[in-house]
There are 2 protein chains.
Amino acid sequence: MRIGELAERTGVSTRSLRYYEQHGLLHARRTPNGYRDYGEDDVRLVSEIRALLDIGFTLEETRPFVDCLRRGHSTGGSCAESVEVYERKLADIDREIRVLLARRAEVAAQLAQSCPGCFVRG
Amino acid sequence: MRIGELAERTGVSTRSLRYYEQHGLLHARRTPNGYRDYGEDDVRLVSEIRALLDIGFTLEETRPFVDCLRRGHSTGGSCAESVEVYERKLADIDREIRVLLARRAEVAAQLAQSCPGCFVRG
DNA sequence: GTAAACGTTGACATCGGCGTCAATGTCAAG
DNA sequence: CTTGACATTGACGCCGATGTCAACGTTTAC
């Protein structure tokens, strides 16, 4: 299928698809006229990428998952490297949450100080 | 005092000080030779800006605080507009935290699924 | 007089994922 | 032949705060 169809079926813009390819996450065959030619498997790959990006992964971090799928695994996460990324990501998220909680506390404290009448739930 | 001294006393780069001024948060008198000339009060203003930026406020959001100080209040947060920003910020942070928690859950779930042996604390 | 240290403005680079426009090629339908 | 939908590559814009460099003026100390 051509890029337009892949875009439509995955809900990803053609711009993004080319971007993914530019970064080596997607490989497209070319038809004689130079058009990109994708197979059914690519729908899966793109879906995996999107799902991960939506959860906050960077494009780079999706690479192990894509590689994993391409190696024939049923899930992008069933490879050691993917698991590592999962765990790093969990740690990242936890760190971010701690930062936000600390920040929240600080803001709440300052608010309480400068506005004694303001109640802050939490 | 000149910009170098203010930078040193506040721990803020001269680049940043000029940036704050460019965005109307700082006003500097000029000496005859064109150098910026700051007063003691400006140390306070800059400290307020930095403190807020460090807690995750945008430069724009620090404006009410600066204005508040400039109007003679002892604290940047003791004005109605500042309190509003505080509250908006708290809401923002809470929203971000919720997003991260949801994200964390999702990542943990996927990890658990693709790596049944991996334990995830939380 | 001259070097060092400081000041000035202006402009480009960063980061990430993508929108968007431009200039141009391809192909199917009328 | 022409129109329109689709494809190609390349490049700029965005967002926010700041680093950094350039090219130049000022002050201080020797």
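Here is the naming used below: chain letters follow the sequence lines, and residue numbers restart at 1 for every chain. From a predicted model like this one, the values you see are computed outputs, not experimental measurements.
- Between A:Thr14 and the phosphate of D:dA7, there is no side-chain N or O to OP1/OP2 separation shorter than 4.0 Å.
- Contact annotation: A:Tyr20 reaches the phosphate of C:dC18 (side-chain N/O to OP1 or OP2, under 4.0 Å).
- Electrostatic pairing of A:Arg29 and A:Glu21 does not count as a salt bridge here, judged by no charged N lying under 4.0 Å from a carboxylate O.
- Here the P atom of nucleotide D:dA17 and the CG atom of B:Leu25 are 10 Å apart, to the nearest Å.
- Of the candidate nucleotides C:dG17, C:dC18, C:dG25, C:dG17 has the atom lying nearest to any side-chain atom of A:Thr58.
- Distance B:Arg2 CZ to D:dG25 C1': 13 Å, rounded to the nearest Å.
- B:Asp94 and A:Arg104 are joined by a salt bridge, as a carboxylate oxygen and a charged side-chain nitrogen come within less than 4.0 angstrom of each other.
- Looking at the side chain of B:Arg36, the nearest of the listed nucleotides D:dC6, C:dT9, C:dG7 is C:dT9.
- Heavy-atom distances to DNA chain D give each of B:Leu53 and A:Arg18 a nearest nucleotide, and the one nearer the 5′ end belongs to A:Arg18.
- With hydrogens and angles left out, the side chain of A:Tyr19 and the base of C:dG16 share no donor-acceptor pair within 3.5 Å.
- Taking for each of A:Arg30 and B:Leu59 the nucleotide of DNA chain D with the nearest heavy atom, the 5'-most of the two is the partner of A:Arg30.
- B:Ser16 has a side-chain polar atom (N or O) that falls below the 4.0 Å cut-off from OP1 or OP2 of D:dT18.
- Rounded to whole Å, the distance from CE on A:Met1 to C1' on D:dA7 is 16 Å.
- Between the P atom of C:dT8 and the CD atom of B:Gln22 lies a distance of 13 Å, rounded to the nearest Å.
- The separation between B:Arg63 atom CZ and D:dG16 atom P is 13 Å, rounded to whole Å.
- For B:Arg15 against D:dT20, a side-chain N or O and a base N or O form a donor-acceptor pair under 3.5 Å.
- Protein atom OH of B:Tyr35 is 9 Å distant from nucleotide atom P of D:dT28, rounded to whole Å.
- Under the 3.5 Å distance criterion, the side-chain polar atoms of A:Ser114 are matched with a main-chain donor or acceptor of B:Gly77.
- At whole-Å resolution of the value, CD in B:Glu60 and P in D:dG16 are 9 Å apart.
- The distance between atom OH of A:Tyr38 and atom P of D:dA7, rounded to the nearest whole Å, is 10 Å.
- Salt-bridge check for A:Arg88 with A:Glu84: failed, with every basic side-chain N at 4.0 Å or more from each acidic carboxylate O.
- In this structure, A:Leu52 CG and B:Gln110 CD are separated by 6.5 Å, a value rounded to the nearest 0.5 Å.
- Residue A:Asn33 has a polar side-chain atom (N or O) positioned under 4.0 Å from OP1 or OP2 of C:dC27.
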